[in-house]
Amino acid sequence: MKRILDNKYFRLFLLLISLGIFLGLVYFFLLSKMDKLYIKDNLNTYYTSSKIINYKDFIYNIFNSLIILSVIWCSSIIILFVPIICFINIFIGFKISFLLINLIYSFKLKGLYYFLITLLPLYILKVLILTLFIILAYKYSYKIYAYFKGKININIKLFAVSYFKIYMIFIVLLVVYNIIECLVMPYIFKIFI
């Protein structure tokens with residue numbers, strides 16, 4: 001655990017997530033009263049409809065997860081696009097804080113309960129999956145950069161194959177995550193909400 005916390009990529013990831021959390025809070029306070037009421041109405045609709053299994057959402061979520069994972073993967077290969085990875089980190093933090101503050105605003109203490117019981121475990125799982133992949137993407141991006149600068153010597157074919165295998169493992173993890181989110185969570189919503 002200490003090795004992970006001392007990792008410079010992990011610290012960068014935490015810094016960017018923290019920035020996203022801060023921006024999510026600031027954005028919420030900049031919203032007008034009408035915008036907050038609109039969000040509250042959408043959250044009510046979400047919690048009423050989330051008790052029903054929707055296979056379209058399942059396919060849509062898998063597609064979105066694959067896009068995010070592919071963007072991270074390609075961005076780490078094409079060294080110039082590493083800022084995209086940073087933006088994704090900030091967006092993750094923004095999404096978590098914005099959702100939490102809106103749930104608390106909309107449902108008061110019950111909103112915190114919704115977040116802790118239903119959404120927090122999902123976000124933790126998704127953030128863990130993406131965090132691990134992003135940290136690996138940072139490392140691979142640095143190795144590619146160092147290789148082209150002549151600082152290290154690697155077998156590029158083995159390097160590419162191993163990175164592709166990691167990509168495929170994370171695709172499977174995100175599909176499992178989406179199965180939990182779209183097909184298992186409606187049952188949990190029925191129990192707790």
Side-chain angles (χ1 to χ4, degrees), residues 1 3-5 7-14 16-17 20-21 46 49-97 99-100 114-145 147 154-192:
M1 182 70 167
R3 185 173 172 226
I4 292 172
L5 294 176
N7 186 316
K8 64 182 175 184
Y9 303 108
F10 184 74
R11 288 195 306 257
L12 177 62
F13 176 80
L14 286 180
L16 294 172
I17 288 282
I21 289 171
Y46 170 76
S49 67
S50 64
K51 297 177 183 176
I52 301 166
I53 294 177
N54 188 342
Y55 293 103
K56 285 183 182 178
D57 285 347
F58 175 64
I59 300 298
Y60 177 78
N61 285 349
I62 284 180
F63 183 72
N64 280 342
S65 295
L66 290 176
I67 288 174
I68 289 171
L69 199 66
S70 297
V71 166
I72 294 169
W73 189 67
C74 291
S75 296
S76 65
I77 292 172
I78 306 167
I79 302 161
L80 299 174
F81 295 105
V82 171
I84 293 172
I85 296 172
C86 296
F87 175 75
I88 290 171
N89 290 337
I90 293 170
F91 181 71
I92 290 169
F94 177 87
K95 192 171 146 182
I96 290 170
S97 68
L99 179 61
L100 175 60
Y114 287 167
F115 185 78
L116 292 175
I117 298 298
T118 60
L119 297 175
L120 186 63
L122 282 176
Y123 276 117
I124 288 173
L125 182 61
K126 190 169 188 173
V127 166
L128 280 175
I129 292 170
L130 288 177
T131 301
L132 291 173
F133 191 71
I134 288 170
I135 288 171
L136 288 171
Y138 281 138
K139 286 184 176 185
Y140 275 84
S141 183
Y142 177 76
K143 282 185 180 180
I144 291 171
Y145 176 76
Y147 173 75
I154 57 174
N155 183 337
I156 201 73
K157 184 177 179 182
L158 288 175
F159 180 78
V161 168
S162 71
Y163 194 40
F164 185 72
K165 286 179 184 177
I166 288 171
Y167 174 67
M168 296 308 291
I169 289 169
F170 279 92
I171 284 176
V172 170
L173 289 173
L174 279 176
V175 167
V176 168
Y177 164 81
N178 283 304
I179 288 170
I180 293 169
E181 181 183 33
C182 296
L183 304 178
V184 175
M185 284 310 286
Y187 293 112
I188 293 174
F189 282 146
K190 287 178 186 177
I191 293 170
F192 289 106

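A pairwise comparison of heavy atoms in Ser97 and Gly20 identifies OG-O, 3.8 Å as the closest pair. Here the shortest heavy-atom pairing between Leu174 and Ser65 reads CD1-O, 3.8 Å. Taking each heavy atom of Tyr163 and Ile72 in turn, the nearest pair found is OH-O, 4.5 Å.
The shortest distance between side-chain heavy atoms of Tyr177 and Leu122 falls below 4.5 Å. Leu136 is listed as a side-chain neighbour of Phe170, based on a closest heavy-atom distance under 4.5 Å. Contact check for Ile96 versus Phe115: side-chain heavy atoms found under the 4.5 Å cut-off. Phe164 is listed as a side-chain neighbour of Trp73, based on a closest heavy-atom distance under 4.5 Å.
Taken to the nearest 0.5 Å, the CD1 atom of Ile156 stands 6.5 Å off from the CD1 atom of Ile144. With rounding to the nearest 0.5 angstrom, the CD1 atom of Ile169 is 11.5 Å from the CG atom of Leu132. Atom-to-atom distance recorded for Glu181:CD and Ile62:CD1 is 10.0 Å, nearest 0.5 angstrom. Rounding to the nearest 0.5 Å places CD1 of Ile59 at 12.0 Å from CG of Asn64.
Taking the six-membered ring for Trp and thresholds of 30 and 60 degrees, Phe94 and Phe91 have nearly parallel ring planes, at less than 30 degrees apart. A tilted orientation is assigned to the rings of Phe133 and Tyr167, their planes being inclined by 30° to 60°.
The side chain to side chain contact (heavy atoms under 4.5 Å, CB included) search around Val71 returns Ile67, Ser75, Ile84, Ile88, not counting sequence neighbours.
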Assess whether side chain to side chain contact (heavy atoms under 4.5 Å, CB included) is satisfied between Ile171 and Leu66, documenting all intermediate values. CA-CA 7 Å; Ile171 284 176; Leu66 290 176; 3.7 Å; yes
Cys182/Tyr60 under side chain to side chain contact (heavy atoms under 4.5 Å, CB included): CA gap, chis, key distance, verdict: CA-CA 10 Å; Cys182 296; Tyr60 177 78; over 6 Å; no
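Atom CZ of Phe159 is surrounded by more than 12 heavy atoms from other residues, nucleotides or ligands within 6.0 Å.
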